[in-house]
Amino acid sequence: MTETPHVLGIIGYPLAHTYSPAIHNAMCKRLGLPYVYLPFIVAPRHLPNLLTCMRLTDVEGLNVTTPHKTRVVALLPSLDAEARAIGAVNTIALTRRGYRGYNTDAAGIAAALKRFTGETFRGRRVLLLGAGGAARAAAFAAARERAASILVVNRTAAHAKRLSADLGRRFRRTAIFTMPLRTAGLRRACTDVDTIIQATNAPAGTLLPLAWKKFPRDAIGIELRYGPAPTAFERSAMEHGLVRVDGVTILTLQAAASFRIWTGRSMDVPFALRIARKVSRTVAARV
Ligand code: NAP
């Protein structure tokens with residue numbers, strides 16, 4: 001008799017673009033693990049019922065994506081220290097004491113930077129676009145590795161200020177500033193940074209108001225968003241010679257950390273990256 005699979009999945013709204021099911025299912029098959037990973041489209045109004053639904057349907061683990069990462073925090077009975085500090089959860093796991101929230105985005109971002117450049121955030125002057133769940137993880141990763149400064153730029157000023165205050169309480173060695181997204185000051189600030197992180201949901205093709213020519217030659221552009229084609233941010237980064245860290249690599253490295261939490265096993269990262277890039281090509285051929 002075949003073993004009933006353990007159920008994992010991802011919640012988000014919308015969820016059309018996720019590569020996570022392909023990565024996790026391929027990895028479980030490769031390792032012979034009895035798990036199935038499914039996409040669940042969960043509208044924000046249904047989020048308060050999440051844990052009840054997970055219990056009723058025997059879901060053992062979930063990834064959490066936009067727009068739920070920060071809102072799900074208050075629902076969870078238990079949080080890992082990193083998720084609590086970041087204030088955002090991207091991974092939920094069933095433990096002996098019930099569901100527990102984790103954040104593997106920060107580890108994924110730091111690991112992707114290291115993989116592309118061999119460097120950490122130490123001493124870097126970071127311009128962070130966004131103040132949502134992904135941006136919070138990026139800021140935490142940068143400050144934990146002792147970035148020299150982080151300038152948080154966001155559409156809603158109050159969200160940037162809240163992130164800045166949270167970081168300031170925890171990290172004393174990194175200077176934290178905020179600025180609204182559409183101001184002349186932002187173009188001027190581009191001369192003072194060397195690492196630009198794009199962590200907004202601004203619609204695909206949106207050109208963010210950056211003075212690309214003012215970035216230093218060895219600046220690093222980190223794009224959290226991923227899809228079948230390079231984003232406007234990535235196209236500009238390539239055009240202006242920035243070192244590029246892409247969202248598919250970050251996705252794969254955070255997936256490896258979530259996979260370890262759920263299964264106790266290590267992902268074969270080169271294999272998982274090949275799967276993610278294959279999905280990207282398949283989606284690109286369809287659109
Ligand atoms: P989120 O919590 O909903 O935050 C969204 C952010 O985007 C907020 O800062 C929001 O600003 C901003 N924003 C939304 N619409 C905008 C617009 N039209 N113009 C300018 N800013 C806008 O989402 P998230 O979870 O942080 O995810 C953000 C992106 O990162 C998503 O595309 C997600 O897929 C990607 N991501 C990728 C990975 C990966 O592994 N590669 C991991 C995490 C996230 P306000 O504060 O003003 O609302």
Side-chain angles (χ1 to χ4, degrees), residues 10-20 22-24 39 42-44 47 63-73 83 86-91 102-113 115-116 127-141 152-164 166 178-183 186 197-210 221-234 244-259 267 269 272-273 276-277 279-280 283:
I10 179 166
I11 59 159
Y13 190 80
L15 202 48
H17 70 286
T18 179
Y19 298 2
S20 298
I23 297 172
H24 286 283
V42 176
L47 194 63
N63 278 134
V64 181
T65 189
T66 184
H68 301 316
K69 287 184 185 191
T70 49
R71 287 169 213 160
V72 80
V73 169
I86 294 170
V89 160
N90 80 327
T91 304
Y102 299 82
N103 191 303
T104 66
D105 280 336
I109 293 162
L113 175 65
R115 193 176 178 92
F116 275 88
L127 168 57
L128 175 62
L129 302 164
R136 294 187 76 89
F140 185 92
V152 185
V153 173
N154 193 50
R155 180 180 60 177
T156 306
H159 297 165
K161 291 207 173 100
R162 194 180 312 145
L163 171 54
S164 151
D166 290 349
T178 65
M179 196 180 272
L181 186 56
R182 306 218 170 257
T183 53
L186 173 55
I197 306 177
Q198 199 307 106
T200 78
N201 269 342
T206 305
L207 286 172
L208 295 156
L210 300 175
I222 302 177
E223 171 63 292
L224 269 286
R225 214 182 168 119
Y226 67 89
T231 63
F233 178 88
E234 287 180 298
R244 198 166 58 97
V245 178
D246 73 314
V248 170
T249 304
I250 296 170
L251 173 80
T252 307
L253 293 170
Q254 64 78 31
S258 300
F259 191 80
M267 252 193 193
V269 170
L273 266 170
R277 299 211 188 282
V279 180
S280 223
V283 177

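Values below: all heavy atoms of this structure, side chains included; hydrogens, waters and symmetry mates excluded. One-based numbering, in listed order, for ligands and for the atoms of each.
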Where do Ala276 and Val248 come nearest, in terms of heavy atoms and distance?
CB-CG1, 3.6 Å
Could you go through ligand 1 and list every pair where one of its N or O atoms sits under 3.5 Å from a protein N or O, giving the atom names and the distance to one decimal?
| residue | atom | partner | partner atom | Å |
| --- | --- | --- | --- | --- |
| ligand 1 | 2 (O) | Gly133 | N | 2.9 |
| ligand 1 | 3 (O) | Thr66 | OG1 | 3.2 |
| ligand 1 | 7 (O) | Asn201 | N | 2.9 |
| ligand 1 | 9 (O) | Ala131 | N | 2.9 |
| ligand 1 | 9 (O) | Gly132 | N | 3.4 |
| ligand 1 | 9 (O) | Asn154 | OD1 | 2.7 |
| ligand 1 | 11 (O) | Asn154 | OD1 | 3.3 |
| ligand 1 | 15 (N) | Arg155 | NH1 | 3.4 |
| ligand 1 | 23 (O) | Thr66 | OG1 | 3.1 |
| ligand 1 | 26 (O) | Gly133 | N | 3.1 |
| ligand 1 | 26 (O) | Ala134 | N | 2.7 |
| ligand 1 | 32 (O) | Asn201 | OD1 | 3.0 |
| ligand 1 | 40 (O) | Leu251 | N | 3.3 |
| ligand 1 | 41 (N) | Leu224 | O | 2.8 |
| ligand 1 | 41 (N) | Gly247 | O | 2.9 |
| ligand 1 | 46 (O) | Asn154 | ND2 | 2.7 |
| ligand 1 | 46 (O) | His159 | ND1 | 2.6 |
| ligand 1 | 47 (O) | Arg155 | NE | 3.0 |
| ligand 1 | 47 (O) | Thr156 | N | 3.0 |
| ligand 1 | 47 (O) | Thr156 | OG1 | 2.5 |
| ligand 1 | 48 (O) | Arg155 | NH2 | 2.9 |

Got Tyr13 and His68 here, is their nearest side-chain heavy-atom distance under 4.5 Å?
yes
Is the shortest heavy-atom distance from the side chain of Ile86 to the side chain of Asp105 under 4.5 Å?
no
Hey, does the side chain of Asn154 reach the backbone of His159 with a donor-acceptor pair shorter than 3.5 angstrom?
no
Quick check for you: to the nearest 0.5 Å, what is the distance between Leu129 atom CG and Phe233 atom CZ?
6.5 Å
Side chain to side chain contact (heavy atoms under 4.5 Å, CB included) between Gln254 and Asn63, worked out:
CA-CA 10 Å; Gln254 64 78 31; Asn63 278 134; 4.2 Å; yes
